[in-house]
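Report on the structure given below.
Order of appearance sets the numbers: ligands from 1, and atoms from 1 within every ligand.
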Amino acid sequence: MCGIVGYVGRRQAGPVLLNCLGKLEYRGYDSCGIAVSSGDLVVYKDAIRVKALAETLPRSIEGKAGIGHTRWATHGEPSQVNAHPHCDCTGRIAVVHNGVISNFQKLREQLSGEGHHFVSETDTEVIPHLIEKYYAGDLAKAVELALGEVEGSYAIAVLMSGESRLVVARKDSPLIIGIGDRENFIASDVPAILDYTSQVLYLEDGDIGVVTPGGVEVSQHGKVVRRERHTISWTVEDAQKGGYEHFMLKEIHEQPKVIRDTIGGYVSAAEPPAHLATMGDISLEEILILACGTSYHAALIGKYLMEELFKVAVRAELASEFSYSGRASSVSRAIVITQSGETADALKAIRKLKGEGCQVIVITNVVGSTASRLADQTVYTRAGPEISVAATKSFIAQLMALYWLALPYAKIDIRRLDGLVMELRQLPGKVQRVLDSEATISEYARQLARCEDVFFIGRGINFPVALEGALKLKEISYIHAEGYAAGELKHGPFALLGRETPVVAIVAQDNTYEAMLTSIKEVKARHSPVLALAEEGDEVVGEVADSVITLPRVDALFSPVLNAVALQLLAYYTARERGCPIDFPRNLAKSVTVE
Ligand code: M6R
């Protein structure tokens, strides 16, 4: 999705902007550009990568204030003319924008009638023209008046020729200001500015900020407001590959630490009796969990987990569908899971829930994200920045947060609870053992890489893991993959099975075990090769499946963690074998900030 950066200070802005834009590449983009104020405004942009843009720039662009953008096309194809920054008629005002201006057609017609000339197909271009229209010597005032006409969502940064300040504003799209020493930064995302500062302000909806080298002034409806300064705990190293070939592989390998960090807040290091920090009084009468994509798969695992532990019905729904339901959510408390905290569908769901008077607990990885600020309570996962588009460590951290939410309220025998807590403590070590079997998994991946279609099957709490395994494989290797509840294969997909269509079967030691063995036999009878994931010591699976990835023994409630890690490695090595651009898969964005 689109990314914004901005700089004003003591350095030359061009190299800073390019460096910051490079750090936003992981969000996914198709074009990029910068504008620098060097007396006049100079704008360089195209439908190319940031590195290529850097190569086309003149050696030195003088100017210590500038803005930059990575664009993920929504209105108009990726092209030089549609790339940001966009300018007004005079070429004195440049704007970068994230979000969608919903009334841009009407504004464009109106402005065209007033003599403004448009060159792009974008919704964004109306903004510099509106600012031009209202400019009477005070840029911040002109921005405020312009935004008064705009409907939709935006995070914008505005630069004017000859000025050593930036004007920024946000509504329903994230924007942060990085505070430096006689220099300040703007970004849509923390990793962009980590090279320069760890001090940030989060803008609120409706804020307009004026950013100069020496300070930041934020106002709402013309009144100056104070925004608290936060220190970011993520380090530059967290956002670098650290010797791994891809961010995804690094992030997969970070998972033992991520588990330790995320559960560290609630599982005491002491031996039993187990001490669990709780979230206070959570009504367990009715539970609704909403999320999208991989986070939705975590939500589904949460559903199975809570139903098992609480013995009550739990609903897990797609946030992207939730808004279209005719009925009210009819819950008093809901959990929304979003790694980025900026997914448009998740935010829309939170707003709908809150509109119904529902209390919302958000599970997110990003401190200060929009979701966390809308939430009544936030559970932060401690995964650190996740750069690869494919979610891995953030997913495992979400599962840890769900265990946290669930375990203290479990209607189970205290000895069973102690046993589960003990297992939680041992999880990092067991995940490490899965990682240690990387070489074996990569051998299976080599075979999978030759296939065109793959099915993943699981039952019970591992059915969502089958969905996640399929999603991981398809998004990074471009192999068609489908996740199915094992019992559903015979209700249609059997027609697709055959020697060329392998099935990955997740076999857990729970009440689904026998049925999974039956499913494998049914698949084998249709000649599909079966790769099973099974616990060590299980001799039976090896007799029915063609090959087996053996995983450490674990309580079945935690088996999704080990199975998911194994499937992440399987997807990674399959994509690598096929030479895919693993960290930045085609057409995908890290945080999906449009509906
Ligand atoms: O930031 P979110 O957790 O709200 O993102 C939701 C999905 O876009 C995301 O989980 C996506 O499915 C993954 N990046 C896929 O690996």
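- The shortest N or O to N or O distance between Ala391 and ligand 1 is below 3.5 Å.
- Atom 14 (N) of ligand 1 has Val389 O, 2.8 Å as its closest protein atom, hydrogens excluded (heavy atom only).
- Closest to atom 13 (C) of ligand 1 by heavy atom, among Thr294, Leu471, Ile363, Ile337, is Thr294.
- Between Gln432 and Pro256 the shortest heavy-atom distance is OE1-CG, 3.4 Å.
- Annotation for ligand 1: atoms under 4.0 Å from non-hydrogen atoms of Ala390 are 16 (O).
- Donor-acceptor pairing under 3.5 Å is recorded for the side chains of Glu468 and Thr294.
- For the pair Arg578 and Tyr478, the cation-pi criterion (under 6.0 Å, within 45° of the ring axis) is not fulfilled.
- If you look at Ala346 next to ligand 1, there are no close heavy atoms at all, none under 4.0 Å.
- Close N/O approach between Gly341 and ligand 1 is not found [any backbone or side-chain N/O within under 3.5 Å].
- Ligand-side atoms of ligand 1 in range of Glu475: 15 (C), 16 (O), range being under 4.0 angstrom from any heavy atom.
- Remark: ligand 1 atoms within the under-4.0 Å shell around heavy atoms of Gln339 are 1 (O), 2 (P), 3 (O), 4 (O).
- No donor-acceptor contact under 3.5 angstrom links the side chains of Thr392 and Gln255, judged on distance only.
- Residue contact annotation: Lys472 has a non-hydrogen atom under 4.0 Å from ligand 1.
- Under the 30°/60° scheme for interplanar angles, the aromatic rings of Tyr196 and Phe185 are found to lie parallel.
- Looking only at heavy atoms of the protein, atom 1 (O) of ligand 1 is closest to Ser340 OG, 2.6 Å.
- Across Ile476, Thr343, Leu347, Leu588, heavy-atom proximity to atom 4 (O) of ligand 1 is greatest for Thr343.
- Side-chain atoms of His480 and Asp453 form a donor-acceptor pair, as typed in the model, at a separation below 3.5 Å.
- The N/O atoms of Ser295, backbone and side chain alike, include one that comes under 3.5 Å of an N/O atom in ligand 1.
- A donor atom on one side chain and an acceptor atom on the other are not found under 3.5 Å apart for Thr122 and Asn82.
- A donor-acceptor contact closer than 3.5 angstrom links the side chains of Thr231 and Gln199.
- Ranking the protein heavy atoms by distance from atom 6 (C) of ligand 1 puts Cys292 O, 3.3 Å first.
- Nearest heavy atoms, Val554 versus Ser559: CG1-CA, 3.7 Å.
- Nearest non-hydrogen protein atom to atom 8 (O) of ligand 1 is Val592 CG2, 3.9 Å.
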